[in-house]
Amino acid sequence: AGLALLAAGCSGGSSNSPRTTSGASGPGGTTIVLKSLMFTPAMLRVKVGTTVTWRNDEPITHTVTSGRSLGVDKSTGLRSGQRPDGRFNARLNGSGDTFSYTFTRPGAYPYYCSIHFGMNAEVLVTK
């Protein structure tokens with residue numbers, strides 16, 4: 001039962017309409033916050049050349065791992081598996097830890113927290 005409660009609490013980004021934010025929070029960059037077992041925003045749209053920074057606002061460890069989330073349940077947001085692509089894999093050990101990555105090509109860049117199976121998100125990079 002405890003595992004079910006933990007899993008239910010990990011359903012970050014499971015909203016039926018993910019929030020999309022443009023990369024406009026600073027010159028050349030923007031921030032994604034890890035809080036309440038979610039990436040906020042879960043869907044981020046930026047231009048090529050933008051540096052995105054992920055900031056852990058929780059006392060627990062998260063990862064920012066590039067790759068596909070597999071078998072995401074539409075009602076809970078939980079994934080059944082994951083397939084890293086090797087582009088980035090950062091461990092953010094607690095509050096205040098950050099990781100930054102500069103997107104140099106257009107495309108869709110899915111990522112997830114390898115520890116919490118409800119934390120799935122994406123950066124969409126345009127020209």
Side-chain angles (χ1 to χ4, degrees):
L3 182 58
L5 288 174
L6 178 61
C10 292
S11 60
S14 65
S15 166
N16 289 338
S17 56
R19 191 173 129 204
T20 301
T21 301
S22 294
S25 62
T30 193
T31 300
I32 295 172
V33 176
L34 289 72
K35 188 171 183 174
S36 301
L37 295 171
M38 295 187 296
F39 292 107
T40 304
M43 175 67 72
L44 178 69
R45 183 183 308 267
V46 297
K47 299 241 182 238
V48 167
T50 300
T51 298
V52 175
T53 299
W54 287 262
R55 184 183 71 230
N56 188 355
D57 279 359
E58 297 189 285
I60 62 175
T61 299
H62 291 292
T63 73
V64 181
T65 305
S66 63
R68 293 189 36 210
S69 298
L70 306 174
V72 177
D73 183 296
K74 291 189 186 298
S75 65
T76 66
L78 296 172
R79 67 182 178 273
S80 61
Q82 56 209 23
R83 183 168 293 136
D85 62 17
R87 183 168 284 110
F88 50 81
N89 184 23
R91 185 176 183 90
L92 304 181
N93 290 317
S95 292
D97 277 4
T98 62
F99 162 70
S100 296
Y101 184 83
T102 302
F103 291 90
T104 58
R105 294 185 178 183
Y109 296 87
Y111 65 93
Y112 53 85
C113 173
S114 65
I115 301 167
H116 303 102
F117 275 56
M119 293 180 70
N120 310 300
E122 186 171 46
V123 175
L124 184 61
V125 181
T126 60
K127 289 184 181 184

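Numbers here simply count residues along the sequence, with the first being 1.
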> Between S95 and P59, what is the shortest heavy-atom contact and its length?
Replying inline: OG-N, 3.4 Å
>> Using 0.5 Å steps for rounding, measure from the OG1 atom of T65 to the CZ atom of R87.
In response: 13.0 Å
> Any side-chain heavy-atom pair from V52 and F103 closer than 4.5 angstrom?
Replying inline: yes
>> Is there a side-chain contact between V46 and T30 in this structure, where contact means two heavy atoms from C-beta onward sitting under 4.5 Å apart?
In response: yes
> Rounded to the nearest 0.5 Å, how far apart are CG of L34 and CG of D57?
Replying inline: 8.0 Å
>> Under the side chain to side chain contact (heavy atoms under 4.5 Å, CB included) test against N120, which residue among R79, R68, Q82 passes?
In response: R79
>> Working to the nearest 0.5 angstrom, can you tell me the gap between R55 CZ and D97 CG?
In response: 12.0 Å
> In terms of ring plane angle, is the pair Y111 and F39 parallel, tilted or perpendicular, where the classes change at 30° and 60°?
Replying inline: perpendicular
>> To check you understand the geometry: which heavy-atom pair defines the closest contact between T53 and S100, and what is its length?
In response: OG1-OG, 2.6 Å
> Which heavy-atom pair separates A42 from A121 by the least distance, and what is that distance?
Replying inline: O-CB, 3.1 Å
> Same cluster for L92 and I60 if Ile/Leu/Val/Met/Phe/Trp/Tyr side chains link at under 4.5 Å?
Replying inline: yes
>> Hydrophobic cluster membership, with links at side-chain heavy-atom distances under 4.5 Å among I/L/V/M/F/W/Y: are L78 and Y112 in one?
In response: no
>> Can you confirm whether the side chains of T63 and S114 place a donor and an acceptor under 3.5 Å from each other?
In response: yes
>> Taking R83 first and then D85, would you say they form a salt bridge - that is, a charged N and a carboxylate O separated by under 4.0 Å?
In response: no
>> Working to the nearest 0.5 angstrom, can you tell me the gap between I115 CD1 and H62 NE2?
In response: 7.5 Å
> When rounded to the nearest 0.5 angstrom, what distance separates CE in M38 from CD in E58?
Replying inline: 9.0 Å
> Mind checking whether F88 and V123 sit in one hydrophobic cluster, side chains of I, L, V, M, F, W, Y counted as touching below 4.5 Å?
Replying inline: yes
> Does T51 use its side chain to pair, donor to acceptor, with the backbone of T102 at less than 3.5 Å?
Replying inline: no
> According to a 4.5 Å side-chain heavy-atom criterion applied to Ile, Leu, Val, Met, Phe, Trp and Tyr, with indirect links allowed, do V33 and W54 form part of one hydrophobic cluster?
Replying inline: no
> What's the spacing between L124 CG and L44 CG if we round to 0.5 Å?
Replying inline: 9.0 Å
